[in-house]
Peer 1: 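Please see the structure below; I have some questions.
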Amino acid sequence: MLGCSRGWFFRVVLSSALLLRPEQRACLLVARPAPRARSQAPGSLTCFLGYLKMEMTEMTSVSLKRGSVAIEDNDSVAPAEEAKRQKVSGCCPTTGQDGIENSSLPSSEKVPGPPETAEQGEKNSEVPSEEEEEEDGLSEEEEEEEEAESFADMMKHGLTELDVGITKFVSSHQGFSGILKERYSDFVVHEIGRDGRISHLSDLSVPVDEEDPSEDVFTVLTAEEKQRLEELQLFKNKETSVAIEVIEDTKEKRTIIHQAIKSLFPGLETKTEDREGKKYIVAYHAAGKKALAKVRTAADPRKHSWPKSRGSYCHFVLYKENKDTMDAINLLSKYLRVKPNIFSYMGTKDKRAITVQEIAVLKITAQRLAHLNKCLMNFKLGNFSYQKNPLKLGELQGNHFTVVLRNITGTDNQVEQAMNSLKEIGFINYYGMQRFGTTAVPTYQVGRAILQNSWAEVMDLILKPRSGAEKGYLVKCREEWAKTKDPAAALRKLPVKRCVEGQLLRGLSKYGMKNIVSAFGIIPRNNRLMYIHSYQSYVWNNMVSKRIDEYGLKPVPGDLVLKGATATFIEEDDVNNYSIHDVVMPLPGFDVIYPKHKISEAYREMLTADNLDIDNMRHKIRDYSLSGAYRKIIIRPQNVSWEVVAYDDPKIPLFNTDVDNLEGRPPPVFASEGKYRALKMDFSLPPSTYATMAIREVLKMDTSIKNQTQLNTTWLR
């Protein structure tokens, strides 16, 4: 749930430092009790609207002078899969997080893994397993008490759109203001699957399967028995077995206990024993820790209990509120007592929204998955089916967005012009602000240093103190590093060791200050590559702005278009056969060609100024060699529709979700007049494009958090 899940209004204060994700800076908040509506963030707050991405310290929003945006974007494409894809790319090659909350490598972003603590908003009907936890994690309350600069002061050091090459619009309409994500339910994302159908949660029933155990497997064991079995399963005590007395000794009861243990605690075997005239079910490890490790991997989970006639993968639709995909997977795996790597999906979805997507999991029954609907809040799993194959990152065709901009100031004519332009022309396919971070050290600078082979600079950029919004323990870590250059001492300042800084410091402690390359290599590959993809994105944004400034919104000789996966030049005689929607621009690399006009020289000049050779983009370290890719410069959304509605209560939802429809809740009824007006937008985007940039085109505003705070300096004071 949102931070407002406890039914609180939020007001902005300037002395708090609670930031959930540094690359999406948000208001610093303090809470006060107030009534709530449908477990959502309350509306109508005079609060700075949040940044253009979702994990906003659980905030609500306030209209700015030109409009406010806190925007959730399209999916990521896995690096391994992206490398195999055609170079028609809505994204950089091998990029890990395109158009999503993690698209720029955050300074304190955790590497995806099992959740460290029990998640907020869960019911306790089933005890989750205790995965390895991070040491000495700070509580939310402790973080709130950390001292920091005022939010406005911190954001003076952030990036603006101009800093990352985002300068142009395609439409001529006059911009207007509106509030996005006043409630996180104002932003709903439905995945578009491989078959082109939009994913909806429409059925919570479990497929009938005679081989499934009865529902009693979920209740037959007591909480104490589950705790003992979990400790046995994870080798947390010295016991070699756990004996459970069968109180009502029948064959049916014994069968249910056997099934419950094997189903809920992968890696354990069971047998029945007589002890002093009583029946016991004894759980034990079949072949020690190696067998447990094997049985909990994606390659070989619980093969003793899966019917051969059934597809190995259970596919289901996941509906989630205010939680990103990796956090959701970690939470599901925690409750199911399995490793996260047995789940697969086509794209990641961000936190501050309601999202609906397809997930596949290896050899977990629909029955067990459906049981989680009773255990977890803000999640729903349904539309179950068994299939032979998993899902693969990048297989989706895109996402469908339903977005509400509340309290709009535009006239009906302005709205009509803006939306018609979005529908007919589209928007510039820029990489959004979240791609580049928001502190005084943009991620593209780190990427540039990697490409320059300047490893001391890479280390310095990641670890040095910087102005901007960061958690207090990171500030202390950086200060210690600047003072001592001792990686072990700086690492001790970090309660969360999975962040990028923590990983680099561990690497430096292990390999020494003279082997920064190996130390940097401890950071997961996807995260390392995000730095150089951020640099590619930075170059691409700047070059596209130059292209549009120089030649406008029409194809010209020398532009590039794709024929299949191959880029070709537009010749003088062929110009009329193409539109601006066909034109692509390259992300710099060793396997792309550049336009045959002035922009080609602009690429060369920009890379030369950065001490890079455009003719040799291969790196000494293979991982950092850039092959390049092509990206369309203009994207025209599909299935565009809109409606302006009047409303009086800012807390009421303005459309139904899938869960609302499942529960039979009637759709909202709007009056012909009201205190406020809202623009409800629907549109579909291909993968790896930024909804941020589509809404930027409608509102005609700089989406950077720095610009938004500057627009509100009077209010912030």
Side-chain angles (χ1 to χ4, degrees), residues 24 48-54 56 61-75 99-101 103 160-161 166-171 173-190 349-350 352-355 398-410 414-435 541 634-644 654-655 677-686 688-705 707-708 711:
Q24 286 97 29
F48 169 56
L49 174 75
Y51 183 48
L52 43 121
K53 285 301 291 173
M54 309 6 75
M56 297 298 161
S61 316
V62 65
S63 178
L64 304 178
K65 294 179 182 176
R66 286 293 308 279
S68 309
V69 183
I71 297 173
E72 184 130 357
D73 287 302
N74 229 339
D75 293 284
I100 64 166
E101 156 177 50
S103 59
T160 65
E161 289 185 347
I166 302 173
T167 61
K168 300 297 179 182
F169 294 96
V170 302
S171 57
H173 73 272
Q174 182 181 351
F176 56 91
S177 69
I179 305 174
L180 178 65
K181 293 196 174 185
E182 187 165 15
R183 301 155 57 85
Y184 68 74
S185 58
D186 284 348
F187 202 100
V188 178
V189 185
H190 288 88
K349 304 290 184 288
D350 294 323
R352 192 172 162 78
I354 292 174
T355 67
N399 291 287
H400 184 79
F401 297 86
T402 302
V403 178
V404 170
L405 294 171
R406 291 182 183 253
N407 198 20
I408 60 170
T409 61
Q414 283 177 294
V415 171
E416 196 75 10
Q417 287 180 359
M419 294 307 299
N420 275 320
S421 175
L422 184 67
K423 181 177 181 179
E424 295 167 10
I425 303 175
F427 62 95
I428 303 171
N429 194 20
Y430 286 125
Y431 288 95
M433 293 301 298
Q434 61 271 37
R435 184 79 163 171
N541 279 0
I634 302 292
I635 291 293
R636 184 161 47 194
Q638 301 298 307
N639 307 313
V640 178
S641 63
W642 66 93
E643 178 184 13
V644 176
L654 299 183
F655 59 90
R677 294 161 64 244
L679 171 59
K680 177 177 174 287
M681 310 163 55
D682 280 272
F683 55 92
S684 298
L685 294 177
S688 306
T689 53
Y690 286 70
T692 308
M693 296 295 102
I695 297 173
R696 168 187 182 268
E697 188 69 39
V698 171
L699 294 178
K700 282 290 188 74
M701 59 167 291
D702 184 331
T703 57
S704 70
I705 193 169
N707 184 65
Q708 292 187 14
L711 287 173

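For the single chain, residues carry numbers from 1 onward in sequence order. Note that the structure is predicted; figures quoted are calculated from it, not measured.
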Peer 1: How about Lys680 and Thr402: do any of their side-chain heavy atoms sit closer than 4.5 Å?
Peer 2: yes
Peer 1: I'd like to check Thr355 versus Phe187 (side-chain heavy atoms, cut-off strictly below 4.5 Å). Are they in contact?
Peer 2: no
Peer 1: Give me the one residue out of Ile635, Thr692, Ile634 that meets side chain to side chain contact (heavy atoms under 4.5 Å, CB included) with Phe427.
Peer 2: Ile635
Peer 1: Roughly how far, to the nearest 0.5 Å, is the CD1 atom of Ile179 from the CG atom of Leu679?
Peer 2: 13.0 Å
Peer 1: What do the steps show when you test Lys168 against Val170 for side-chain contact (heavy atoms from CB on, under 4.5 Å), and what is the final call?
Peer 2: CA-CA 7 Å; Lys168 300 297 179 182; Val170 302; over 6 Å; no
Peer 1: Quick one: are Leu422 and Pro637 in side-chain contact, heavy atoms under 4.5 Å?
Peer 2: yes
Peer 1: Are side-chain heavy atoms of Met433 and Ile166 found at a separation under 4.5 Å?
Peer 2: yes
Peer 1: What distance do Phe176 atom CZ and Met701 atom CE have between them, rounded to the nearest 0.5 Å?
Peer 2: 11.5 Å
Peer 1: Can you establish whether the number of heavy atoms outside Lys423 located under 6.0 Å from its atom NZ is more than 12?
Peer 2: no
Peer 1: What's the shortest heavy-atom distance between Arg677 and Gly410, and which atoms?
Peer 2: NH1-O, 2.8 Å
Peer 1: What heavy-atom pair brings Ser185 and Ile354 nearest, and what distance separates the two atoms?
Peer 2: CB-CD1, 3.6 Å
Peer 1: Taking the side chain as every heavy atom from C-beta outward, state whether Arg696 and Tyr430 have any pair of such atoms under 4.5 Å apart.
Peer 2: yes
Peer 1: So do the side chains of His400 and Asp682 get within less than 4.5 Å of each other, counting heavy atoms only?
Peer 2: yes
Peer 1: List the steps and the verdict of side-chain contact (heavy atoms from CB on, under 4.5 Å) for Gln417 and Gln174.
Peer 2: CA-CA 9 Å; Gln417 287 180 359; Gln174 182 181 351; 5.9 Å; no
Peer 1: Among Val404, Val640, Val698, Val415, find the one that has a side chain to side chain contact (heavy atoms under 4.5 Å, CB included) with Met681.
Peer 2: Val698
Peer 1: What is the distance from atom CG of Asn541 to atom CD of Glu161, rounded to the nearest 0.5 Å?
Peer 2: 9.5 Å
Peer 1: Looking just at side-chain N and O atoms, do Glu697 and Ser421 make a donor-acceptor pair shorter than 3.5 Å?
Peer 2: no
Peer 1: Treating Ser684 as the side-chain partner and Asn639 as the backbone partner, does any N or O pair qualify as donor plus acceptor under 3.5 Å?
Peer 2: no
Peer 1: Would you say Asp186 and Arg406 make side-chain contact, with heavy atoms under 4.5 Å?
Peer 2: yes
Peer 1: Within this structure, what is the CZ-CZ distance for the pair Arg352 and Arg183, rounded to the nearest 0.5 Å?
Peer 2: 10.5 Å
Peer 1: Can you find a pair of side-chain heavy atoms, one from Ile695 and one from Phe401, that are under 4.5 Å apart?
Peer 2: no
Peer 1: Is a side-chain donor or acceptor of Lys700 paired with a backbone partner of Phe169 at a separation under 3.5 angstrom?
Peer 2: no
Peer 1: Considering non-hydrogen atoms only, spot the tightest contact between Leu405 and Ile408 and give its length.
Peer 2: O-CG2, 3.3 Å
